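Report on one structure; see the data block that follows.
In this text the structure is predicted, and so the values were computed from the model without any measurement. Proteins come first, then strands; the chains are lettered A, B, ... in the order of their sequence lines, and each starts at number 1.
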Amino acid sequence: MPELPEVETIARDLNAAGVAGKTLTGARVYWDRTIAEPSVTEFCRLIKKKKIAAVGRRGKFLVIDFTGGGHMLMHLRMSGRLHLVSSGAERLPHEHVVFAFEDGSELRFHDTRKFGRVYLMADVERVLGRLGPEPLDPMFTPRVLFEGMRKRSRLVKPLLLDQGFVAGLGNIYTDEALWEARIHPRRLSDSLSQKEAEALHAAIRKVLRRGMKNLGTSLGTGKANFYSVGRRRGRNRDALKVFRRTGEPCARCAAPVQRIIVGQRSTHICPKCQTLKGFKGSRDRGSEG
DNA sequence: GTCTATGTTTGCGG
DNA sequence: TCCGCAAACATAGA
């Protein structure tokens, strides 16, 4: 569920709520598999008396640094959320991990689908080191994108979703960026011209920045939907051009938006703006050409 | 009952 | 070795 803009929104909300500076008194775990490492017993033992120094983000990971060393990573996967409540609040269904602070407040990890994971580690490199560049970092230049695309022969969309290639893009922002750059998701990565790579680079940054400005994308009202801390919804949905807009007119050319499947993922394109015509080695299965 | 879902990992076969 | 694909994780909503 949450992609880079959503995780960033959560990190900012936690900071705005004054989480940095709080000291943990302990954690209670109600679904063991949410704790990726160490063991639940060790996790609960080690987390006591840890003081939060900072809350940040890397890719789709929320990164919590403790004073005097140690870090906690949280990955929300499909349906994870964070609730900041007072310790007296009744525990809701799906609140699988409860972190208690000295001041009587609690941070609760809520996750209906139970795919989310929490890590406690001395050195985050083993996990975060596998991530590709931050798309909004100056290190991520149009050339880095172009060369990275060129030295592989992958379908463009699955490559953008690969967190080891670039960190933080998910299904929503990838579809939006490809539409913005007018690139078909089934193009082969090494078939992109430098100009196309530049357009894609600009598009990625544009849709991510807009997503953050709008505090993330919330879709329906379902339980698996994005909510930031304090149950606030993002308002980026109206800014989406193709994602879950099947049949609606393309904002550029008015052709009806199509839904296709690419790399097992639901994918939304404008069949007129994003075409495969003229690219050898690309296949257009299931959608029109 | 059926299909779909904003994510990631693993194992298989080409 | 690289790549795409299917399945697995687990639950809710349409």
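Contacts of A:T217 with the nucleic acid, taken as non-hydrogen atoms under 4.0 Å apart, are absent. Residue contacts for A:L76: at a heavy-atom cut-off of 4.0 Å it reaches no nucleic acid atom on any strand shown. If you check every strand for non-hydrogen atoms under 4.0 Å, A:R130 touches sugar and phosphate atoms only. Counting any heavy atom pair closer than 4.0 Å across all strands shown, A:Q163 reaches sugar-phosphate atoms only and no base atom.
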Please write out each protein N/O paired with an N/O of nucleotides 7-11 of chain C under 3.5 Å, distance rounded to 0.1 Å.
{"from": "C:dC9", "atom 1": "O3'", "to": "A:R33", "atom 2": "NH2", "distance (Å)": "2.9"}
{"from": "C:dA10", "atom 1": "OP1", "to": "A:R33", "atom 2": "NE", "distance (Å)": "3.2"}
{"from": "C:dA10", "atom 1": "OP1", "to": "A:R33", "atom 2": "NH2", "distance (Å)": "2.1"}
{"from": "C:dA10", "atom 1": "OP2", "to": "A:R33", "atom 2": "NH2", "distance (Å)": "3.1"}
{"from": "C:dA10", "atom 1": "O4'", "to": "A:R113", "atom 2": "O", "distance (Å)": "3.2"}
{"from": "C:dA10", "atom 1": "N1", "to": "A:R113", "atom 2": "NH2", "distance (Å)": "2.6"}
{"from": "C:dA10", "atom 1": "N3", "to": "A:R113", "atom 2": "NE", "distance (Å)": "3.3"}
{"from": "C:dT11", "atom 1": "OP1", "to": "A:K114", "atom 2": "NZ", "distance (Å)": "2.3"}

Between the protein and nucleotides 11-14 of chain B, list every N/O to N/O distance that falls short of 3.5 Å.
none

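Look at CG on A:L131: it is 14 Å from P on B:dG7, rounded to the nearest Å. The NE2 atom of A:H268 sits 11 Å away from the C1' atom of B:dA5 (whole-angstrom rounding). In this structure, NE2 of A:H110 is placed 19 Å from P of B:dT6, rounded to the nearest angstrom. A:R259 places its CZ atom 8 Å from the P atom of B:dT6, with the value rounded to the nearest Å. The interatomic distance linking A:L159 (CG) with B:dG7 (C1') rounds to 17 Å, in whole Å. Between A:R81 atom CZ and C:dA12 atom P there is a gap of 12 Å when expressed in whole angstrom units. Between the CG atom of A:L161 and the P atom of B:dT9 there is a distance of 13 Å, rounded to whole Å. Atom CD1 of A:I261 and atom P of B:dA5 are 6 Å apart (whole Å).
When the P atom is used for both C:dA6 and B:dC3, the distance is 15 Å, rounded to whole Å. Comparing the P positions of C:dA7 and B:dT2 gives a spacing of 16 Å, expressed to the nearest Å.
Ring-plane geometry between A:H75 and A:F61 is classed as perpendicular, the angle between the planes exceeding 60 degrees on a 0 to 90 degree scale with a lower cut at 30. Using cut-offs of 30° and 60° on the angle between ring planes, the pair A:W31 and A:H96 is tilted.
Proximity of A:R265 to the phosphate of B:dG7: a side-chain N or O atom is located under 4.0 Å from OP1 or OP2. Taking side-chain N and O atoms only, A:K60 has no distance below 4.0 Å to OP1 or OP2 of B:dT6.
Partner assigned to B:dT6 is none, using Watson-Crick or G-U wobble distances below 3.5 angstrom. Remark: C:dA10 base-pairs with no nucleotide in the shown strands. Criterion, Watson-Crick or G-U wobble with two distances under 3.5 Å.
Tracing side-chain contacts under 4.5 Å through hydrophobic residues (I, L, V, M, F, W, Y), one reaches A:L188 starting from A:I269; they form part of the same cluster. Residue A:Y173 is grouped with residue A:F165 when hydrophobic side chains (ILVMFWY) are merged at heavy-atom distances under 4.5 angstrom, including chains of intermediate members.
Classification of A:E8 and A:R12 as a salt-bridged pair holds, one side-chain N sitting under 4.0 Å from a carboxylate O. For A:E134 and A:R58, the salt-bridge test passes: some basic side-chain N is under 4.0 Å from an acidic carboxylate O.
A donor-acceptor pair is defined here as one N or O able to donate and one able to accept, closer than 3.5 Å; such a pair exists between the side chain of A:S218 and the backbone of A:F226.
The local environment of NZ in A:K241 is crowded, with over 12 non-hydrogen atoms from other residues, nucleotides or ligands closer than 6.0 Å. Counting heavy atoms of neighbouring residues, nucleotides and ligands inside a 6.0 Å radius, atom NZ of A:K22 exceeds 12 of them.
Among the candidates A:H268, A:R259, A:R244, the single residue satisfying the side-chain hydrogen bond (donor to acceptor under 3.5 Å, both in side chains) test with A:D175 is A:H268.
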